[in-house]
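Okay, structure first, notes after.
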Amino acid sequence: MYLWRRPGGFTFQLRIPSGFRESFGRTPLRARLGPVAATEAQRRAAILAGHCHGLMLDPTMTRPTLDKSLAALAAELRDLDRASRWAALKASSAASQAADEAMHDDPASHELAAHFRTEAAAHRARKVALESIRSRLESLSAVLDRDDVAWSAERATYRETLADLHAVERREAAPSSVPPSPEPAPPPAPEGPTADSLLSVVAAPIVKARRDALDQGGTSASRYGERVQQALAAFLEIVGDKPLRAYLPADVQEFANVLGRLPANRHKLKAFAGLTARKAADANDRLPPDQRRPPLSSSAVKGYVSDFLPTWRAVAATVPGVRDLGAVKVTAPRAAAPSVTREGLSVEALNLWLADAATYPDPHVRWLPLIGLLTGMRLAEIVFLQGRDICLVDGNLVIDLRSPVLVGGIEKPRPLKTPTSRRLVALHPILQEVGFVAWAQGIEGFLFPEFHDSKDPAQTAQKRMGHWMTRLGIRKRQKQVFHSLRHNTKAWLRPHVGDRTADFQCGHAPKTTGDKYGFRTLTADEVEAIERAPLPRGVEISPYREAPSRPLPKAKQTRPKPRFRNVPDLAELRARAPAKTKRGRRASA
């Protein structure tokens, strides 16, 4: 932390600690203090430094919010100093007028003298309150500047002190009927946040508490918590971080309008690097039509809005007198790209994929497409399968997704998307015929450990399946992906076993009240009905029976994470090369 003087006054600067540079960057934090004395500048800098150190410990804090909070506190300190000096001046003026009126003997002069004495006492009380707030800010900032751990204990007190500053600024002068008091007590601190608190300050603990609760449920719950946090950050970036009372329902519509013009994956595009969301949308609109990047889809815009509004409702429930931003229906912007409707894969694409998969010996390559097609399971469910999940239930061999997973001898919750995903999955006899069941029952632990070397196994598997499908030419972005196999499964089972059994097989919730009656998992009769269902029309399983296993190239056999690229092996490269002549040169073709 240091200060430097310019013709316009002092400027405060704080270096970003090395442990926080990944989140807040390397650019120092700066705030203009204005033309003040050197001693006053040092006092304000200490308060700002403690404020910044405390906010940087918040895991939900972003650099734009931190800059805005720093600028807002610097402005409040300027107003605080100005208000304190003005209160002292008004108190001195009122006391002088009271002394002048007391020199006269008429009753009117005595009443005026009493009135001026009351005003002087009120101004002195206001000055004392402001100085008390400032001293509390300085003491707390000094503690936070010395020890970052103290922020956890002093966070509530620090926010209450800032709230005191807002309350005192709005306090009216005391009525003339109140007798003068030479040493009035400072006003009581308001309990909790108020309508003048910033949205980022009030929403941060709400979002953090929600993420802490959802993270106990596995990776799928964690992703939802991340989406909620991203939606709040996007709203603050587009609409701005303002006091709660300043937000209007029209701000949510403006939020959706900017999102509808925002280029998709803008953080990965160099043309929009370093631009805010609104500037990136404007820059994309100025590009020629043939160079313009596609915007976010209407479903993505709807997802951002629906993820933000629950946070606002929690904020409104915490702070009284805040407008209901969800009361007005948000119109989907026409500028957004149309939503992508996911479809099943064609029979030709399925046969090409299965024929290629059957030739590989690696289990995570050989079995995943076939399991996805014949069970309708999500890729994240397949990735976390273990050998003990394949068991007998009521005399039928099924996959039991109701039990936890066993990791290092400790049972942990199975990552599932919805409550209805906790189910029994019937196994078609083809999976026994081609050897999958016998192989899987002999495995201890995860069936596909190749994906569990990464932090997010499901996402890793999704990327590898996408690369594989792209190499085969059967993938269409967001339209035909691995998840499309679930569409194929539903279309295959529906005519043979009915909608209810097909829904329970895939883990979909019942649609009617009548469908909810009965058992919540597949019964023995329903499992047997799925086992009797003929194979999907036109789909060839013969490659799994006939085609010999093709070993992967050596480079892929030695790597724990093989990539699906069309790389010829060393023998094939040597066969393609022309023969050598006696002089050691390659013979021309």
Side-chain angles (χ1 to χ4, degrees), residues 213-214 216-221 223-224 306 341-344 367-368 370-406 411-433 436-437 440-441 447 458 482-537 539:
L214 294 176
Q216 303 300 321
T219 55
S220 59
R223 289 195 189 99
Y224 174 72
S306 61
T341 302
R342 188 165 292 160
E343 299 177 353
W367 298 121
L368 255 63
L370 187 63
I371 296 172
L373 175 63
L374 296 182
T375 65
M377 296 173 63
R378 299 177 178 91
L379 183 57
E381 297 169 346
I382 300 175
V383 166
F384 284 91
L385 281 180
Q386 295 185 323
R388 66 176 193 153
D389 296 333
I390 301 178
C391 56
L392 286 173
V393 176
D394 295 334
N396 296 309
L397 198 63
V398 297
I399 296 176
D400 191 353
L401 298 182
R402 300 172 301 178
S403 59
V405 294
L406 190 65
E411 291 187 346
K412 295 185 177 181
R414 183 183 299 273
L416 296 172
K417 184 176 181 180
T418 61
T420 54
S421 301
R422 196 174 304 278
R423 66 194 189 278
L424 298 178
V425 179
L427 288 171
H428 197 273
I430 289 295
L431 292 173
Q432 300 187 49
E433 182 180 341
F436 166 73
V437 174
Q441 288 182 322
L447 297 184
F482 189 94
H483 195 83
S484 299
L485 294 175
R486 285 170 59 82
H487 292 257
N488 290 95
T489 305
K490 292 293 289 287
W492 161 49
L493 292 178
R494 193 178 286 120
H496 303 291
V497 300
D499 290 339
R500 183 182 185 277
T501 303
D503 287 343
F504 277 28
Q505 170 76 358
C506 295
H508 290 149
K511 298 178 178 61
T512 64
T513 303
D515 290 340
K516 296 178 182 179
Y517 278 74
F519 297 97
R520 294 304 177 95
T521 57
L522 293 174
T523 62
D525 294 336
E526 292 171 329
V527 171
E528 293 171 2
I530 295 175
E531 292 175 351
R532 291 191 301 268
L535 286 176
R537 179 177 299 180
V539 175

Exercise. If you measure from the Lys or Arg side-chain nitrogens to the Asp or Glu carboxylate oxygens, is any gap between Asp499 and Lys511 under 4.0 Å?
Worked result: no
Problem set entry | Side chain Glu526, main chain Thr523, donor-acceptor under 3.5 Å | yes
Exercise. Do the side chain of Trp492 and the main chain of Arg537 share a donor and acceptor less than 3.5 angstrom apart?
Worked result: no
Problem set entry | Thr489 (side chain) donor-acceptor with Leu374 (main chain) under 3.5 angstrom | no
Seminar exercise, completed: What one should report as the nearest heavy-atom pair of Pro510 and Asp515 is CB-CB, 3.7 Å
Exercise. Side chains of Leu385 and Trp367: closer than 4.5 Å at any heavy-atom pair?
Worked result: no
Exercise. So which heavy atom on Glu531 is nearest to which on Leu397, and how close?
Worked result: OE2-O, 4.2 Å
Exercise. Are any of the side-chain heavy atoms of Phe504 and Ile530 separated by less than 4.5 Å?
Worked result: no
Exercise. Side chains of Glu343 and His487: closer than 4.5 Å at any heavy-atom pair?
Worked result: no
Exercise. Are Ile371 and Leu485 side-chain neighbours, meaning at least one heavy-atom pair lies under 4.5 Å?
Worked result: no
For this session: For Arg414 and Ser403, indicate whether the former's side chain and the latter's backbone hold a donor-acceptor pair under 3.5 Å.
Result: yes
Problem set entry | Cys391 side chain reached by Val393 side chain, heavy atoms, under 4.5 Å | yes
For this session: Not counting sequence neighbours, which residues clear side-chain contact (heavy atoms from CB on, under 4.5 Å) with Ser306? List them please.
Result: none
Exercise. What are the two closest non-hydrogen atoms of Arg402 and Thr521, and how far apart are they?
Worked result: CD-CG2, 4.2 Å
Exercise. Mind checking whether Pro536 and Asn488 have side chains closer than 4.5 Å, heavy atoms only?
Worked result: no
Seminar exercise, completed: In short, Leu447 meets Gly387 closest at the heavy-atom pair CD2-N, 3.7 Å
Exercise. Under 4.0 Å between a Lys/Arg side-chain N and an Asp/Glu carboxylate O for Asp503 and Lys490?
Worked result: yes
Less than 3.5 Å apart, which donor and acceptor atoms pair up between the side chains of residues 422-432 and the rest of the protein, not counting sequence neighbours?
residue : atom : partner : partner atom : Å
Arg423  : NE   : Gln505  : O            : 2.9
Arg423  : NH1  : Glu381  : OE2          : 3.1
Arg423  : NH1  : Ser421  : O            : 2.9
Arg423  : NH2  : Glu381  : OE1          : 3.0
His428  : ND1  : Ile430  : N            : 3.3
His428  : NE2  : Ala533  : O            : 2.7

